[in-house]
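Quick notes on the structure that follows.
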Number of protein chains: 2
Amino acid sequence: MKGKATSFDIAHYAGVSQSTVSRALRNSPLVNEETRRRVQEVAKQLNYKVDKNASNLRAQQSSTLALLLFEDPTADESQINPFFLAMLGSITRACASEGYDLLISFQSTSADWQADYEDSHRADGIILLGYGDYVDYQAKFRSLLEQNTKFVCWGASVDNRPDLTVSCDNYGGGKLAAEHLLKVNRKDCAFIGDASEHSPEFFARYQGFKDEFTRHDVTLSERKMANAISTEESGYHATRSLIANNIVFNSLFAASDLIAIGAIRALKEAGIKVPEDVHVVGFDNIAVASFTNPPLTTVQQDTTLAGQMLVFNLLKLIRSEEVENTLLPPKLIIRGSSI
Amino acid sequence: MKGKATSFDIAHYAGVSQSTVSRALRNSPLVNEETRRRVQEVAKQLNYKVDKNASNLRAQQSSTLALLLFEDPTADESQINPFFLAMLGSITRACASEGYDLLISFQSTSADWQADYEDSHRADGIILLGYGDYVDYQAKFRSLLEQNTKFVCWGASVDNRPDLTVSCDNYGGGKLAAEHLLKVNRKDCAFIGDASEHSPEFFARYQGFKDEFTRHDVTLSERKMANAISTEESGYHATRSLIANNIVFNSLFAASDLIAIGAIRALKEAGIKVPEDVHVVGFDNIAVASFTNPPLTTVQQDTTLAGQMLVFNLLKLIRSEEVENTLLPPKLIIRGSSI
DNA sequence: TTGAGCAGTTAAAACGTTTTGACAACAAAA
DNA sequence: TTTTGTTGTCAAAACGTTTTAACTGCTCAA
């Protein structure tokens, strides 16, 4: 036998037609039990594997999903946000358990994303992952929808968003953080993040946080806010600028753990003690969070469940079943940075 | 236009034959400049994308590589070793820059890996990644080679290994760690890891470490060694058991950063101060390493370069070019845990 | 005795490319 | 004038499946 065995080879050795081989291998009820057994036996013997390209071409589907990971454009090229990496793991597993392959691709937000995976029949659907500037994306989303591309998006489910999303209850998470700081009586709080419509997830976190403070008749000062994207560096600089402007506070809510870690570094450098002088709360509960000094109090997002929901919802969409946006419950993890 | 445009549609609108379209789109020299322009124009207008399945089927190749990630069987299901995740990033980028797609799949070492990606024409080659028990794998490697599967492996290049490898100079890295501890005069050193042929990478690290000590007439005590796989938990327990047995030492070399982090936790818990009482050195330089308390001294592996070499070497193998095993230089990163 | 229904099988037609071999049209060489 | 070559194009043959439609034998009811 030269080259790889084809279904014709199996057919020949099993003494049946090629179409019967195809059916037998996929356990079609149209084929006799005894024949099926014989065919499968031969196939195994010849180490036959169905050619995915041929099979996909004929069946017009690929049993493959594509994961597009958007990185913050300014983030260090070599470092990927650990939060998304955690999600990657669970997405992979969920795909595998559903019998789908996963193609992955890192996109820089600046470049126009040729999400041509589906166009070129390489994937049946697309998962979009990243803290992105969704204002930028709206147009892209619409064009994807126009082309009838199946995709699901991780992130904030803003009211007028046309796409299917899975997201953490960022608003509720912000409330959890606020509740905690109020309970330990650290009401003079700074916020590091981006509370604009450009990053709706951070915005929602901030809203929830603020609303909970307001509910307790505490007003957050606009002056105690600084912009940052989700990197350690960015959190560091934002916090430094607050300190440099002589802004004082006794607690700090960071829109993500990476920001929080950068903030802690800036605080320490300025001789401000965590948690004695300033309590710090982050968001995400990335693996690093428990190893920082002090360990970081944070709002956990359930990445395992998130990955599963992304995959399951996308598959439903592909099968044209009913799907709805999914909101996952956050959970407060209290550690040394706020006690 | 219902459904997706095919090359026949383009042919029709451009007033040429389908075969000319195929050539024009791939910039074949066989087609006239003017015709090419016209065809590409039409293709763009109809948002035409070559069907990968059809093209792969015909061309008998897939422009896709598969990444198989082996996890330590006992590792927490939801947590993936951050070292491999870092590598994943650079592999993805390297693939993209070479025009290849990347399929990824997590394998548990126990299950027999049906590395049937290549068999089923889904990928042109395979990258194997993981701290694995290579004794177990030898047989698998040979069967892959027999089937003429193209694959490249991250890990120790043991002499009699039949496969193509890219690896860090683990032996040299071990020497670096030893050099450093000797320089700061912490000669009474414990080792946490697995110095058996089952994990040749850890073994090589230990060998380099020991040889450097020996070169300085210092003998390492067999009693001050404890077995661990590459998880925080495992490092924690191994270190606890040393302490429980009243074994004393003033420095500790861990075969990986995760192990080192677990070790630090165990030491602290026992009231042993790092670095005052015990200097700790790890291996990998994962992102967490700079955030531990104290920050971890470690031997860095260049994951960016490693990922690139894995991809480049695999592509060479696929193209039947000359390839050799690649050894990457490690680098010592000195941080608070050893000064 | 016919006809309908069923179970198992097959030949042949897709699927959308790439590539081979043939064939025009025209120019240059004999 | 015939030959030889060159350039561009095209029709048709792969690639290895899945699926449709057709065809056997059968059995069972009318």
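Below, chains carry the letters A, B, ... as their sequence lines are ordered, and counting in each starts from 1. These numbers come from a predicted model, not from an experiment.
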What closest approach, in Å, do [X] and [Y] show between heavy atoms, and which atom pair accounts for it?
X     : Y      : value
B:A24 : B:V31  : CA-CG1, 3.8 Å
A:Y48 : A:S7   : CE1-N, 3.6 Å
B:T92 : A:I104 : OG1-CD1, 3.7 Å

Separation of [Y] [atom2] from [X] [atom1] (nearest 0.5 Å):
X      : Y      : atom1 : atom2 : result
B:D124 : B:L317 : CG    : CG    : 11.5 Å
B:E34  : B:R37  : CD    : CZ    : 5.0 Å
B:I126 : B:K150 : CD1   : NZ    : 12.0 Å

- Contact string for nucleotides 7-20 of chain C, one letter per nucleotide 5' to 3', B = base within protein heavy-atom range under 4.0 Å, S = sugar-phosphate only, - = neither, reads -SBBB-BBBBBBBB
- Query: For the helix from C:dT1-D:dA30 to C:dA30-D:dT1, what is the angle between the axes at its two ends, each from 5 pairs, rounded to 10°?
  - Reply: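 Inter-axis angle at the ends, rounded: 70°.
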- Results of side-chain hydrogen bond (donor to acceptor under 3.5 Å, both in side chains) for A:S22 - residues two or more places apart only: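 With neighbours one apart ignored, the set is A:R26.
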